Amino acid sequence: MAGPGRERWSSKSGFVLAAVGSAVGLGNMWRFSYLAAENGGAAFVILYVVLTLAVGLPVLLAEMAIGRGAQHAPVRALAHFGGDAWKPLGMIFVAAGFVILSYYGVIAGWTLRYAWIVLSNGFTTEIADRFGDISEGWDAFAFHVGFMVVTIIIVGHGVKAGIERASVLLMPLLFTIVVGLAIYAATLDGAGAGYDYYLSADFSKLWHPQVLQDAAGQAFFSLSLGMGAMLTYASYLDRDQNLPNESVVIAGADVGIAFVAGLVVFPLIFALGLSDKVSGSTVGALFITLPQAFAEMGGVGRVVGLLFFFALIVGALTSAMSLLEVVVSSAIDRFGWSRVQAAWLCGGAITVLGSFAAFDIRVLDVSDQFANNILLLGGGFALCLFVGWAMPDPESEVRAGAGNVPWLPVWRNLLRFVVPVFLGYVLVQAVPDTLIAIADLFSGS
Ligand code: PHE
């Protein structure tokens, strides 16, 4: 059971805000907007929402039940309920935290750099040409290091004084800014064309396996599922929390912010006539087209741009904290290190690993594909099998603090049959594609 000294969130809302902080991040603004743009607009949005509810939510509740029940970081938590045979899965989670944070930190570094540009002399329309210098090389690495140091310091302060305090302070700010920007965007002439683009549905695209894969990967990435982040955060909870209610709030906030972020991004781009520049590349919409829009808006653009990139930094930071926490809490469990020691050693190693993504954007792209398609979807698949078949009585873990929830048998059966079959189907397609992308990277083509 829990050691007597295990840390605790100081309040229910502290946990919820931290978990929402983990979920809401670059995924909601950077990945979501380009995926929606690429994959048929509203049709993709609908598919994504359906998958979040049908697949993401059950897995989120599963992670929370394991973490709170075991009161340990992933490796020990899985062993607690399933025996040592499940430890390797926990180790894969830790490895996923390492890999994801290594490139996530680089992208977060770009957002820091962009905020810096707005503060110093504002965006110019040449930002597209400069993006190459910003995104790769020593500059990218330096800002990545800066971002990682802040993350390490916060996580080093602990669950309550570090992660919770930062989330409670920053998340309401993020919500206010994103909603405020969406309202502002609605007032722009030409915003309507952006809404049309974002909200008109091209259902024909939905039947491509690639789109299903993207939507499933995005649902997992955006909810921070499949690598034990939510599991770890829930391990600092007491048994009086109502996990089903909280999982719904977390998923709702995550989808809500992604949706509202789209209401910011597309009207801005279309109002400034830059729609032909929404490139399908991973970085296009957010890091090239949008800053061009800010540049063309003049003085107002500086304020709007600063707020936008500030919100991105906040989202990235609260998500990075959870990625690092998975690794740090596991190191504390395993090696008995102090939290500060673990934060600097693990965070330092991740920062160094991130140099590969910082110096070669193709590594970043392939790492993102690998993380989503294989690590998170594969991790989610294994988690379903764990809770569906191996864990003795997951329903009773959920019932603690929630009372008798009538649909718990449905939940268990979703995890037993429906979700793993779906994820298995997606994985069969995603794994070969990802392996080809990795092979291409190494062969240099
Ligand atoms: N959910 C975060 C985002 O959308 C990313 C993340 C993935 C965080 C996995 C933790 C674990 O940006």
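Quantities reported herein were computed from a predicted structural model and do not represent experimental measurements. In each ligand, atom 1 is the first atom listed, and ligand 1 is the first ligand listed.
- Here the closest heavy-atom approach between residue F147 and residue I313 is recorded as CE1-O, 4.5 Å.
- Annotation: W110 is in aromatic contact with F287 [ring centroid separation under 6.0 Å].
- A distance of 6.0 Å or more separates the ring centres of F15 and Y236.
- Note on ring orientation: taking the six-membered ring where Trp is involved, the planes of F44 and F32 are tilted (angle from 30° to 60°).
- Each of S22, A23, G25, L26, G27, N28, Y104, F221, S222, S224, M227, S319, S322, L323 has a non-hydrogen atom positioned under 4.0 Å from some atom of ligand 1.
- Residue W116 qualifies as open at atom CH2: its count of foreign heavy atoms under 6.0 Å is 12 or below.
- The aromatic rings of F266 and Y197 sit tilted relative to each other, their planes meeting at an angle between 30° and 60°.
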